[in-house]
Amino acid sequence: MQLQPRQQLLEIWRATARSSYTEPDWRWGGRSEANSISDAEQLLCLLGPTTEVPVLRLDRPDGTADDVIAALQRLGDSVEIPKLLVRVLTDYLRNYSAPDGTPVFHGRSYFTAPEDLALDDDHLELDVVDSFAVSVTLTVAVIGFVRVFRTVLTRERLRAEADELERLASRRLTAAMVGLLRSFAVDVFSADSDRGVELCRLVNQEDLPTRQIVEELYETLREINARLRDDVLIGSGAQGSELDNPNRLFECGWSWGIVKNAPVIDLAEGVDVGVQHEGVAQAAPYMYFTVVAVDAIQTLFSERTRLLGLLDETQLRLAQSLQLRWELTLSYWSTIATFGSGRWPLEDLPWRTTDGVDSDYLSLLVSGMVIQDLVTKRASDAELSRVGAVLEDLAGRARITRRPFVGDPALELHHPGFRIGLELQDQPGKGYLGWTAADFSPQLLRRSLNLARLIADNAGRSRLLDLSDEIWAHLFSRRIPEGEARGLWDRPSLAYPQLDDDPDPAPSWYFTKRVVDCLVAAARLIDSPPQRSDQLTRLAADLIVEADHLFDQEMLNGSSDSGRPLQAEREQIQVLLQRARSVRRTQPGTAVSIAQAVLRRLDKLSAARRPAKGIN
């Protein structure tokens with residue numbers, strides 16, 4: 001793989017420090033005005049890698065690598081950098097809290113509207129799932145960071161600052177989890193409604209009778225249906241009795257904000273997250289916000305979160321409720337995307353939603369959920385490879401691996417992006433409140449890297465790594481080339497001269513954070529054990545058996561009073577054999593190489609004992 005995450009992350013850190021900090025002030029905002037999401041994304045460009053990639057850690061000054069300190073020298077030395085982060089993170093958590101301490105999760109400058117309309121403050125201040133999700137990711141990282149950093153602090157003032165940061169982060173984390181619970185939606189509709197017809201058309205890849213499709217869908221989704229009806233419906237906007245009807249279909253996932261009539265979540269005594277605002281969002285899932293929520297919730301039950309014990313008792317209870325919704329949502333969309341015995345609906349590009357919107361961006365979002373669900377089900381390489389083929393196809397259709405033509409509509413995926421209309425439950429069909437998703441390329445790269453880490457087939461893995469390199473080359477070409485933001489993103493016209501994007505010198509933290517996520521995924525891929533080949537494992541075993549036998553012969557036939565050099569050679573061979581045995585199962589290729597080297601050395605010893613033939 002050509003992508004080198006450590007080097008690239010350090011370059012991004014250097015550019016982030018240059019764009020964000022002029023002593024003594026931290027500069028919030030970038031291409032978009034400061035808001036609760038953009039500012040969190042800016043912080044995660046630094047905090048994400050340091051908590052996810054051990055070699056880039058900043059929480060232990062004596063363990064910070066020299067190249068890390070050099071990249072962030074604008075922020076200070078190994079001691080001053082984490083102290084500054086504590087101050088900046090505390091400022092963020094206070095900035096996005098109401099006067100009464102209630103954490104706020106508004107979208108503000110990330111909300112969009114048609115050119116002839118202006119959004120008022122009531123709309124700009126609406127809670128949005130993207131803010132809940134990014135807050136979960138940020139606050140979990142903050143709590144982990146500050147707990148480790150606190151162990152090296154000796155001054156009482158610094159320890160008090162660290163304690164205050166953890167308190168604020170924990171409160172925002174709890175509030176964000178409550179927001180995600182209140183934003184979950186189950187939308188039930190008749191099979192013969194417009195939405196039902198679209199869903200049946202999507203999954204019916206074999207042109208079967210509609211009645212048969214409805215029955216098969218109901219049967220296939222029976223378990224998900226039952227768990228939603230029994231465990232999840234509170235706050236979802238649906239009635240349990242509706243799901244009992246075999247003529248009704250449903251969708252589940254996250255709306256764009258807190259759904260209308262979502263009840264207040266009861267918390268343990270003494271736990272206060274402030275005001276739980278009334279919901280206004282449509283009680284129906286949105287694909288973009290569902291994927292954003294799914295990715296964030298996974299952080300709550302990651303290995304690092306569990307090992308460090310980052311969640312308190314209340315948060316653990318909320319996390320269990322969110323994990324249930326996470327599992328059911330992944331299972332539902334994976335079932336829909338892979339329905340039937342022939343071509344998958346996912347493979348019938350582009351994906352089309354039940355409200356009649358189709359886009360390759362939606363196909364990419366669904367692919368990500370399918371990958372995560374297939375992992376939990378321990379799917380075969382054949383199934384994972386089918387998703388890989390979809391990702392390859394999407395890269396071509398989005399003109400990342402193919403050349404665009406004049407007026408190519410596919411370029412709209414990159415600029416201005418995929419626009420999502422946000423419906424208010426009480427004002428359906430208005431369409432003036434919107435959201436723009438312009439992260440197709442980094443989203444595709446991260447899914448490709450994650451899939452490459454999972455697939456065991458070396459040929460399939462190699463194809464995905466080649467695809468990842470092509471996408472990275474595309475992304476690399478889109479970096480801002482000048483100014484303080486040089487080395488950050490995004491300038492799509494550098495990759496597509498046909499685009500007339502505004503050459504804004506400010507960085508897009510929205511886009512840059514997603515590139516950072518890709519590099520973290522690449523670091524995880526590189527840090528994971530190499531894929532094992534059954535063929536190489538068998539070959540290594542055969543070679544080691546032969547080498548063992550020949551070594552025993554050498555010890556039997558060789559002279560016991562041989563010189564020290566020969567004894568040293570035998571000892572080295574014995575060590576190499578032991579090494580080959582120890583890595584045979586985890587690194588069979590390495591074991592083959594070691595065994596071959598041992599066989600060559602044994603053959604030299606054997607040849608040295610043979611009597612030389614005379615010459616007539």
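Applying the 6.0 Å contact sphere to CG of Asp66 captures no more than 12 heavy atoms from other residues, nucleotides or ligands. For Gln572, the CD atom is densely surrounded, since the number of other residues' heavy atoms within 6.0 Å is greater than 12. In this structure, Gln535 places its CD atom where only 12 or fewer heavy-atom neighbours from other residues, nucleotides or ligands lie under 6.0 Å away.
Counting heavy atoms from C-beta on, the side chains of Val152 and Asp59 never come closer than 4.5 Å. Between Trp472 and Cys518 the shortest side-chain heavy-atom distance does not fall below 4.5 Å. Considering only heavy atoms from C-beta on, Arg150 comes within 4.5 Å of Glu166 through its side chain. Glu482 has its side chain within reach of Arg491: a pair of non-hydrogen atoms, C-beta onward, lies under 4.5 Å apart.
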Next item on the list: Dump the intermediate steps for side chain to side chain contact (heavy atoms under 4.5 Å, CB included) on Arg6 and Ile526, then the final yes or no.
Entry: CA-CA 11 Å; Arg6 178 172 184 154; Ile526 293 171; over 6 Å; no
Trace of the side-chain hydrogen bond (donor to acceptor under 3.5 Å, both in side chains) decision for Gln315 with Thr174 | CA-CA 6 Å; Gln315 291 162 353; Thr174 304; 2.9 Å; yes
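When all heavy atoms are compared, the tightest approach of Leu311 to Leu300 is CD1-O, 3.6 Å. Val79 and Pro61 get closest at one heavy-atom pair: CG2-CB, 4.0 Å. When all heavy atoms of Ser448 and Ser468 are compared, the pair lying nearest together is CB-OG, 3.6 Å. Counting all heavy atoms, side chain and backbone alike, Leu168 lies closest to Thr90 at CD1-CG2, 3.9 Å. Between Ser321 and Arg325 the shortest heavy-atom distance is O-NH1, 2.9 Å. Across Ala547 and Val598, no two heavy atoms sit closer than the pair CB-CG1, 3.9 Å.
With hydrogens and angles disregarded, no donor-acceptor distance shorter than 3.5 Å links the side chain of Arg584 to the backbone of Ala541. Although no hydrogens or angles enter the test, the distance criterion places no donor-acceptor pair under 3.5 Å between the side chain of Arg378 and the main chain of Val375. Between the side chain of Trp326 and the backbone N or O of Val294 there is at least one donor-acceptor pair closer than 3.5 Å. When atom types are taken as modelled, the side chain of Thr338 and the backbone of Trp344 share no donor-acceptor pair closer than 3.5 angstrom.
Every residue two or more places apart in sequence or in another chain was checked for a side chain to side chain donor-acceptor pair (under 3.5 Å) with Asn458, and none qualifies. Asp490 meets the salt bridge (Lys or Arg N to Asp or Glu O under 4.0 Å) test with Arg478; sequence neighbours excluded. With sequence neighbours left out, Arg304 forms a salt bridge (Lys or Arg N to Asp or Glu O under 4.0 Å) with no residue at all. Listed by chain and number, the residues in a side chain to side chain contact (heavy atoms under 4.5 Å, CB included) with Ser331 are Ile224, Thr335, Asp373, Lys377 (sequence neighbours excluded). Arg600 pairs by the salt bridge (Lys or Arg N to Asp or Glu O under 4.0 Å) definition with nothing, not counting sequence neighbours.
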Please tabulate, one pair per line, all N/O donor-acceptor pairs under 3.5 Å involving side-chain atoms of residues 40-49, not counting sequence neighbours.
from: Glu41; atom 1: OE1; to: Tyr110; atom 2: OH; distance (Å): 2.7
from: Glu41; atom 1: OE1; to: Tyr510; atom 2: N; distance (Å): 3.4
from: Glu41; atom 1: OE2; to: Arg514; atom 2: NH1; distance (Å): 3.1
from: Gln42; atom 1: NE2; to: Ser20; atom 2: OG; distance (Å): 2.9
from: Gln42; atom 1: NE2; to: Arg27; atom 2: O; distance (Å): 2.9

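Arg447 and Gln443 are linked by a side-chain donor-acceptor pair at a separation below 3.5 angstrom, with hydrogens and angles left out of the test. When only modelled atom types and interatomic distance are considered, Asn450 and Gln372 share no side-chain donor-acceptor pair under 3.5 Å. There is a side-chain donor-acceptor pair under 3.5 Å between Arg581 and Gln578.
A salt bridge links Glu80 with Lys83: the closest approach of a Lys/Arg side-chain nitrogen to an acidic carboxylate oxygen falls below 4.0 angstrom.
Just one residue in the list Val292, Leu322, Thr137 forms a side-chain contact (heavy atoms from CB on, under 4.5 Å) with Ile297, and that residue is Leu322.
For the atom pair CD (Glu223) and CG (Leu328), the distance works out to 8.5 Å, reported to the nearest 0.5 Å.
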